[in-house]
Every structure is written in structure tokens, then in C-alpha cells.
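Just so we're on the same page: letters track the sequence lines, and every chain starts at 1. The figures that follow rest on heavy atoms only: side chains count, while hydrogens, waters and symmetry mates do not.
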Protein chains: 2
Amino acid sequence: MASLADVARLAGVSKATASRALSGAGEVSPSTRERVVSAAAELGFVASSTAASLVTGRTRNVGVVSPFVSRWYFSEVIEGVEEALIREGYDLTLFRVQEDPSRRQRVFDYFLVRKRVDAVITIAVALSPDEVAALRALGRPVVGVGGGIPGMSSLQIDDVAAARLATEHLLSLGHRHIVHLGGDQTEQMDFHIHSQRLAGFRQALAGAGIPPHDDFLATPLTIPGGFQVALDLLGDPRRRPTAIFAASDEIAIGAIMAAGRLGIRVPQELSVVGIDDHELSEMHGLTTVRQVPREQGELAVSLALEAMSAPAPETRDVALPITLVVRSSTAAPPERTTLPRESHGHVVRAGADLPDRDA
Amino acid sequence: MASLADVARLAGVSKATASRALSGAGEVSPSTRERVVSAAAELGFVASSTAASLVTGRTRNVGVVSPFVSRWYFSEVIEGVEEALIREGYDLTLFRVQEDPSRRQRVFDYFLVRKRVDAVITIAVALSPDEVAALRALGRPVVGVGGGIPGMSSLQIDDVAAARLATEHLLSLGHRHIVHLGGDQTEQMDFHIHSQRLAGFRQALAGAGIPPHDDFLATPLTIPGGFQVALDLLGDPRRRPTAIFAASDEIAIGAIMAAGRLGIRVPQELSVVGIDDHELSEMHGLTTVRQVPREQGELAVSLALEAMSAPAPETRDVALPITLVVRSSTAAPPERTTLPRESHGHVVRAGADLPDRDA
DNA sequence: GTGAAAGCGCTAACAT
DNA sequence: ATGTTAGCGCTTTCAC
């Protein structure tokens, strides 16, 4: 527990000089520097970041606020953030924030506020006006990954375009009966992502002259969630689409598993597209819109750090490029299911043509 | 940015009294307390944890060292730790540590050392003697989840017993040809877990009078890893076992997917057991030894906190109970594959009996 | 029950 | 290039 004073004494210099020699700030003659450095080494001196923070007001620590750590998108963003942060000499303090209002409030009013973080990065979390105010009151850069919040920098893919891209791919293959398995709009941690993906989906449909219909199912953004909802959907021959656009790869994979359970072959009888491009997506042969969460995390750190040194911390919104990764989960729709929509409700034989999965 | 002095002034008391009133330490008359509290509220005062730490030496922050954040086991332990920590009013600082030696050193010699953490929790990370020394030098409680390190408290399931349990289940079903898909012993973040699971596996085999043979395959602890290794193994009729014991559910699920790819039916033609019990395991009908990582995380926090207040920070090793969760992925071995082992190499027709998966 | 004062360990003017 | 001085914002003896 050697202190700077100990080091200074051993090196025969003042604390100020010792501090300068060790931190690299200010001019120190090479010889003194060396004396100080070796004295520090001898004593096993490590600067107390607490003391340094108290005087400088900087903590070299950034807070990351995320609703999950285990879901793909979130864990990868976190890994990206961590990577970039440690490279820059920053710690990462993790705050998991879910719906529970009392816990949320605790995080925003107590934990984040204690002058412990130099910046905050939020990951796809929908903030209430109060929460935004609390964050802004920190007087520190705040950047949101996965969606924009008024008054703070943000970083995301263009979710409308991503959804449109996915849907147009399906349309171009000839699909006319596509269902969107997407996030529940009312979920607290929504964040417009869900609604934007739905909007892009509908835009593409409208562009192809397909009138709005019963084409959206609120789905938990997990593999089991996608599985369950798809099982219901695909199990009913009358509702069964030829293609599914899922809001996340987890949903998409759940849907593929459901199809497998029902004996529906992918992609011959059902095309599936998701958004993310996790390693499992590759294994499932899932067609997906790639969104590189890791890079989003790293970029968020750049934005935050940049804002810290900027004179006027102007907010910036950055959109990352997207690409469609076509794998084996999409194909032209099977002939038999391209019956005119109108027939679905009336002509029972249209459904009966399909293998009956209800049994 | 109101300071304690501001609050004290507004309340008409000294800083000392204000501090006592706000922190709850020491006796303060109810009326003064109320005056101070409302003054604090009026000013939006939040104590600077930095300043408090400087004087108390406590940071209300614990460091978590983990090689991954995205793998099941790790992310769930982290969520458990986070949950318990925030409940107790602690922050969680995350350090991801992988093989890269320079990064590791940075974490241990620079980040963790700066008097920033009251305790450290490591998650299944194999520490070098130097690293253990560095941690111990902190003079703070260190608890290891997922394996024991000499000189620090630890928390884990009994990995030998878990592996034995899984293997004995397979043996009791009549399997004689079981292969263990387990972690590479040489991997840096091993931690004896892999070797203990292998040991338990071999113990069970020995107990059943099955001589050691070519029964272990080093496998990355991921779904793609399990998939790839199982694909090779199962694709060769001569090597194909009737059962697989996987060191993790991720491997196990990869193996099930590989079987699916090869047209091998689970469990009729192949039994699979893993360790973990993630929600996906349930979906795959995977038989597994349950290890509740979330609880491991919460318990680690209790241990750490307890050690902080203990006069003599004695180390404790705690083993969590395990249970075998039997789902549909295990069954008695098919008749045709119970040929005597000796025939595998010589009687080509024994292999030819099986569907040829090489093509 | 409350106040005065000391100081945690460092950095940042300001001198020299 | 180096030393002196003054705090950063709290908690905690020690008096009263």
C-alpha cells in the first residue's frame, strides 16, 4: 500500500515530481524519471485511481446500461465495448436494467449518479423522459447503441431499411404471403426498433402492391419465443405463410426449429430471414441482415470518448451499413401455396392440400 | 453538483452532522435528520462515491473477471452476480480476460490493482500463479466460481460427480460405447473443469468394467464446436458411438444438430447428455446435469461480501448440488450397434450394416 | 446530539 | 525541471 509520498521520499523528489514522472504529464528530466520509476517498482506502487478521480473529476470508467447480458445482440455489443474500453484504459461498469421500475430507478438515480462514470453507453434500452433527464444531468457523454434518443448520440443500423431489405428479398423470390415475427411494440425495452422493423416490412409489402393484412405476430426475441409463436402459426394450414421475416435471428432460428418439428422443410416449403448474423445463424443456414453488434459496441466507445474531449459535446447519430447474407433458408415459394390470398378463408381444400400438421 | 457542504449549509448544520444524517451512521436527532434530508433532496445532492472511497477505503464495487460474456454459463453467472450485487448496493466492473497474455497482464497488474474493487469474483478462469499472487496482494476477498484456486474461496458443482452421474445414466440404459466430447485440457481457461469431467466420465466407465479406449474428443465449448466434432465422429460408422456425454450443453446441442444433419435419430440411434440446463437445452429435449449458473453467481456474491466483513477472511469451498434432468435425448442403445468392440476394426460388414454417412 | 478539524492520496496551479 | 501549496468531497476521531 505504498503511496506516492513513499515513492517520492525514496526517490528523493517531491510528490509533484513523482506524480509527473509516473503519469507522463509535464516535463521531467530523464534521470529523475528513472529514479522515480524504479522507486515505484521497488515499492510496488500503484496509483489510487480513487484519489486521482477525486481531484481530476475523471474516473476512467464508463457505465454500460443493458437490459440483458445473455442475448446475442447484447452480449456481443458488450464484448465490443469492453474490448475498445480496455484498449483505451477504461473500466466498464455494467448495469442491467429491465422493466422492474424500482430497480430501474435505483440504477438511474443512485448508481449512475455517484460521479463514478465518465460516460454512459446504453444498449437498446428504451428510456423514459425522466431517465433521459437523469442521464443528461450527469453532464457526461451518453451514447445509445441500437436506437436514437433525443439529445444523445446514437449508433444503429437503419432498422427500417434492414427490414425492407429482408422483405424485398423474400418478395423478389416470389413470396406473397409473408409474416413478420417481431418484437412486441408495448414492451418496455422496445426502443422503436420493433416498430421500425415492422414499418420497413410494411413498406416493402406496400411497394409490392400487397395490401396490409394479418401479417404481424408479437414474439419474444428469443429462440423459444420464436419457436412457440411459429409453431402456432405454421401449425395452422390456413394461416401458414410461405415466408417469415423475423426481427431477430433468435426468433428466426426458433421458427426454423418449429418448422422442423412440424415436418415443414426449410427452405423448400418455408423461407426464413432474420436480423443479426450470429454464429448460430450460419449453422442454421439462416438468411439474415448482418448488423455486426461487436462493431457497434466499439464505435460507441469512440463516440463517447470523442465527446469527452470535444469542447462542445455535440450529439451525433451514426447509422452502420447493412448487408443481406443469403444462406440456404430462402428459396422461391412452393407452387401450391401461391394460391390467391382470398381463397385461404373459403376454399378449405386449399388448406387441405397441405399436409395436416394439427394432428 | 451540490456538495455535502452545500447541504449542510442549507440545513444549518455542520458537514459532520449532514454526513451522519445522510449515511445513517451515528446518532442524529430525528428533526435534524429530516432537515438535512430535505435539504439534500432540494439540492439534488448525491454523495460522491469517489470522495467516500478515498476516506473509507471501500468502493462498493466488485470486479468480475470472466473469459466470455456471451457463452451461456458465463453470461448467466454474470447476471446472477449482477443481480445480487445491485441488491446489496454494489457496482459491478467487468473484466474480460482471455488468453492474450499482454491483455491479461494489463488487467491483473493495472486495472484490478488500482484500489477500485472491494472484492473480485472470477468465473471459470484458470489463473497463473502470478495472477493468483496479484489477486491475493489486493488484500481483498477473491472468490472463484466454477473451480477452486488454492488460497481463495470457490464455488462450483462437483464436476467429477456431475460427469459420473451423466455417464452412469448412459451406462444404466445399456450403452457400452460412449464418447466424451469435452474441453481441451490444454486450453488456457481450462481450470480443471475439463479434466475433472473427463475423470468422472472415466471413473464411471471403469466402474462398469469398460476399459479405457478411444473415448475422448477435445471440443470447443460452443454449439458450432460440438457440431463440427460430432459431425466427424458420427460420420464415420466405425467410430460412431451409441451415446455421447458432452462437457457442456452447447456441445451437446451441436452434437444433436450434427446427428440431425446425418439423419441419425436422437434418441433412438444416439443418446446425448450435457451439463448446464439452459432454456435451449429444454427445447432440444436434451438430457443434462443441471448446474444453475445464476445461483452460482448469487452465491459468489454472498461469499465475497461475507468475507469482507469477516475478521479473518477464511477461504471456503462450496459445492452446489446437482441433479440429472432426463429428457428425450437418451434411450437404450439400438441393438445393431452393440457389436463387440473388437469387430469394429476388422469386420467391415459391421460398419456396412450402418447407413453409410460418409457419402 | 452536534461541531471543528484532520486527512484519505493524489493533481494542478503557481512559484522558482 | 522541480518544489510548494492548495484543495478535490467526503468520513471520522475527538471535543463539547
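Contact annotation: A/Thr32 side-chain N/O to D/dA1 OP1/OP2 distance is not under 4.0 Å. Between A/Ser29 and D/dA1 there is no side-chain polar atom (N or O) within less than 4.0 angstrom of OP1 or OP2. For C/dT2, the OP1/OP2 oxygens have no side-chain nitrogen or oxygen of B/Thr17 closer than 4.0 Å.
What separates CZ of B/Arg58 from P of D/dT11 is a distance of 12 Å, to the nearest Å. For B/Glu34 and C/dG1, the CD to C1' distance is 17 Å, given to the nearest whole Å. The CZ-P distance, from B/Arg9 to C/dA4, rounds to 13 Å in whole Å.
The salt bridge (charged side-chain N to carboxylate O under 4.0 Å, His left out) check on A/Glu306 picks up A/Arg316, with sequence neighbours excluded. Scanning for ring-ring contact (aromatic ring centres under 6.0 Å, His included) contacts around B/Phe74 gives B/Phe68, with sequence neighbours left out. For the side chain to side chain contact (heavy atoms under 4.5 Å, CB included) test, residues two or more places apart in sequence or in another chain that qualify with B/Ser23 are B/Ala25. Under the rule for a salt bridge (charged side-chain N to carboxylate O under 4.0 Å, His left out), the partners of A/Glu79 that lie at least two apart in sequence or sit in another chain are A/Arg294, B/Arg96. Not counting sequence neighbours, the partners of B/Asp91 by the salt bridge (charged side-chain N to carboxylate O under 4.0 Å, His left out) test are A/Arg114, A/Arg116. Listed by chain and residue number, A/Glu82, A/Glu83 satisfy the salt bridge (charged side-chain N to carboxylate O under 4.0 Å, His left out) test with B/Arg103 (two or more places apart in sequence, or in another chain). Partners of A/Gln105 according to the side chain to side chain donor-acceptor pair (under 3.5 Å) rule, which considers only residues two or more places apart in sequence or in another chain, are A/Asp109.
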| request: List the protein contact pattern of nucleotides 7-16 of chain C with one symbol per nucleotide (5' to 3'): B for base contact, S for sugar-phosphate-only contact, - for none; contact means a heavy-atom distance under 4.0 Å. | output: BBBBBBB---
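Rounding to the nearest 0.5 angstrom, the gap separating the CD1 atom in B/Ile121 from the CD atom in B/Gln296 is 12.0 Å.
End-to-end axis angle of the helix from C/dG1-D/dC16 to C/dT16-D/dA1, from C1' rotation axes over five pairs per end: 30° (rounded to 10 degrees).
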